[in-house]
Amino acid sequence: MHNTPEYVDTLQWHQTIGYARQICARVFRDGGAPCDALKAYGLVRSAEQAGGDWSKAVELIAEVMCSQSQKQAA
């Protein structure tokens with residue numbers, strides 16, 4: 001189970017996790033690895049952290065998506 005960051009509403013987090021899974025699924029379907037999904041989303045530094053772990057890649061992408069929506073709301 002993914003831990004919801006404290007700055008994000010629980011419902012928003014679960015929706016964003018779903019979107020991040022879709023992003024990763026597209027990359028996987030095309031033969032990519034978790035680091036490819038992170039690189040495609042602009043998370044080059046985080047790609048090394050995720051290694052071959054899809055769940056970590058999903059979580060990192062979701063965190064970025066949530067932080068972007070927080071910035072837009074401000």
Side-chain angles (χ1 to χ4, degrees):
M1 190 72 182
H2 302 281
N3 295 326
T4 307
E6 56 187 64
Y7 63 88
V8 178
D9 177 63
T10 304
L11 180 59
Q12 179 189 11
W13 177 250
H14 288 290
Q15 287 177 328
T16 306
I17 284 289
Y19 296 138
R21 283 184 182 142
Q22 290 176 9
I23 291 166
C24 288
R26 284 187 216 124
V27 173
F28 177 78
R29 183 181 57 226
D30 292 339
C35 63
D36 298 323
L38 291 168
K39 288 177 184 175
Y41 210 76
L43 300 171
V44 177
R45 292 182 189 159
S46 299
E48 297 168 0
Q49 294 173 331
D53 187 0
W54 281 106
S55 64
K56 184 68 176 170
V58 167
E59 210 166 294
L60 289 168
I61 291 171
E63 285 180 22
V64 168
M65 292 172 77
C66 284
S67 68
Q68 289 174 346
S69 69
Q70 292 292 325
K71 288 178 186 175
Q72 290 174 354

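We're numbering straight along the sequence, starting at 1.
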Ala33 backbone acceptor or donor facing Asp36 side chain under 3.5 Å: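 Confirmed, Asp36 side chain pairs with Ala33 backbone.
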
Do the side chain of Asp9 and the main chain of Leu11 share a donor and acceptor less than 3.5 angstrom apart?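 Yes; at least one donor-acceptor contact below 3.5 Å.
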
What's the separation between atom [atom1] in [X] and atom [atom2] in [Y], rounded to the nearest 0.5 Å?
X	Y	atom1	atom2	answer
Ser55	Glu59	OG	CD	7.0 Å
Leu43	Glu63	CG	CD	9.5 Å
Ile17	Cys66	CD1	SG	7.5 Å

Would you mind reporting whether Pro34 and Lys56 have side-chain heavy atoms less than 4.5 Å apart?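 No - every pair of side-chain heavy atoms lies 4.5 Å or more apart.
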
For a quick test of reading the model, state the closest non-hydrogen atom pair linking Ile61 to Ala37 and the distance between them.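 Heavy atoms of Ile61 and Ala37 come nearest at CD1-O, 4.1 Å.
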
Contact summary for Cys24 and Val58, nearest pair of heavy atoms: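 Heavy atoms only, the tightest pair is SG-CG2, 3.7 Å.
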
Sequence-distant partners of Phe28, ring-ring contact (aromatic ring centres under 6.0 Å, His included), two or more places apart: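 Checked Phe28 against ring-ring contact (aromatic ring centres under 6.0 Å, His included); matches are Trp54.
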
